[in-house]
Amino acid sequence: MTKVAEKTAETIAKNLTQIEQQLANLANESAYVNQVTLVAVSKRHSSDAVRAAADAGQRQFAENYVQEGVTKIAELQDETLTWHFIGPLQSNKTKDVATHFDWVQSVEREKIARRLNEQRPADLPPLNILLQVNIDDDDNKSGLAPAQVEQLAEYVNNCQQLKLRGLMTILKANTDSAQQQQSFAQMRALYQQLQASYGDSVDTLSMGMSGDMRQAVLEGANMVRIGTAIFGQRE
Ligand SMILES: *Cc1c(COP(=O)(O)O)cnc(C)c1O
């Protein structure tokens, strides 16, 4: 490794340790969660950056773009990592996602769920699914309206090669902390309804990014998706 790469790897490892510590503290403080899973969002960062994080013990990674993700997954095949797809998903790209990823957090249409179910190879475990909810009714964000969650959950739950695990959201940018808290709390209520219907197999509420991680965990997130605070600014 060059000097610069070594320094980058050191920074990534330090950031991961710090964030894991913060998450442990937040989980203590939160009335709703015991433990929080950290998913490292590696979009637009190199495979070397992912490897540095893996060397530091990080196991869960997320990508937004299908081709970039598939390439990185191939380059890191020698590591035992879990890969989450978190970006918008077009139906002509579902096969690559069903074949190479372990989770899809951005499911919002029955057609996409149907294709993922049909295309998930039979020799792999079921693909873990989170339904993406547009909790702030933000025109710039994808996701289901809260009232549509029940119907798509029912559909996914009936798919043999899919496993319904919970919900994911991205909040509207630039809202105040009172609004954030309210939106995260609404997500928690939706998630609790889903658990009441499907039991403990629904175990994941994915919300919180570098900018709103604290509020998200205090309101019940047990999975956060962090990019910038681990890897630095994207190009
Ligand atoms: C990019 C992205 C993240 C990470 O955002 P940061 O602000 O860099 O932590 C999380 N979730 C989704 C869906 C993303 O697209």
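For ligands, and for the atoms within them, numbers begin at 1 and follow the listed sequence.
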For this session: For the residue pair His84 and Trp103, categorise the inter-ring angle as parallel (less than 30°), tilted (30 to 60°) or perpendicular (more than 60°).
Result: parallel
Exercise. Any luck finding a side-chain donor-acceptor pair between Tyr191 and Gln195 under 3.5 Å?
Worked result: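 There is such a pair between these side chains.
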Exercise. So, Thr228 versus Gln233: side-chain donor-acceptor pair below 3.5 Å or not?
Worked result: no
For this session: Output yes when Arg214 and Glu29 qualify as a salt bridge under the 4.0 Å nitrogen-oxygen rule, no when they do not.
Result: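 Looking at Glu29 together with Arg214, the answer is yes, because their closest N to O distance falls below 4.0 Å.
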Exercise. If you measure from the Lys or Arg side-chain nitrogens to the Asp or Glu carboxylate oxygens, is any gap between Arg51 and Asp78 under 4.0 Å?
Worked result: yes
Only distances under 3.5 Å count here; give the side-chain donor-acceptor pairs of residues 32-40 to other protein atoms, sequence neighbours excluded, each with its distance to 0.1 Å.
{"residue": "Tyr32", "atom": "OH", "partner": "Arg188", "partner atom": "NH2", "Å": "3.2"}

Exercise. Which parts of the protein, at residue level, reach under 4.0 Å of ligand 1 through a heavy atom?
Worked result: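 The answer is Val41, Lys43, Asn64, Ile86, Ile170, Met209, Ser210, Arg225, Ile226, Gly227, Thr228, Arg234, counting any residue whose heavy atom sits under 4.0 Å from ligand 1.
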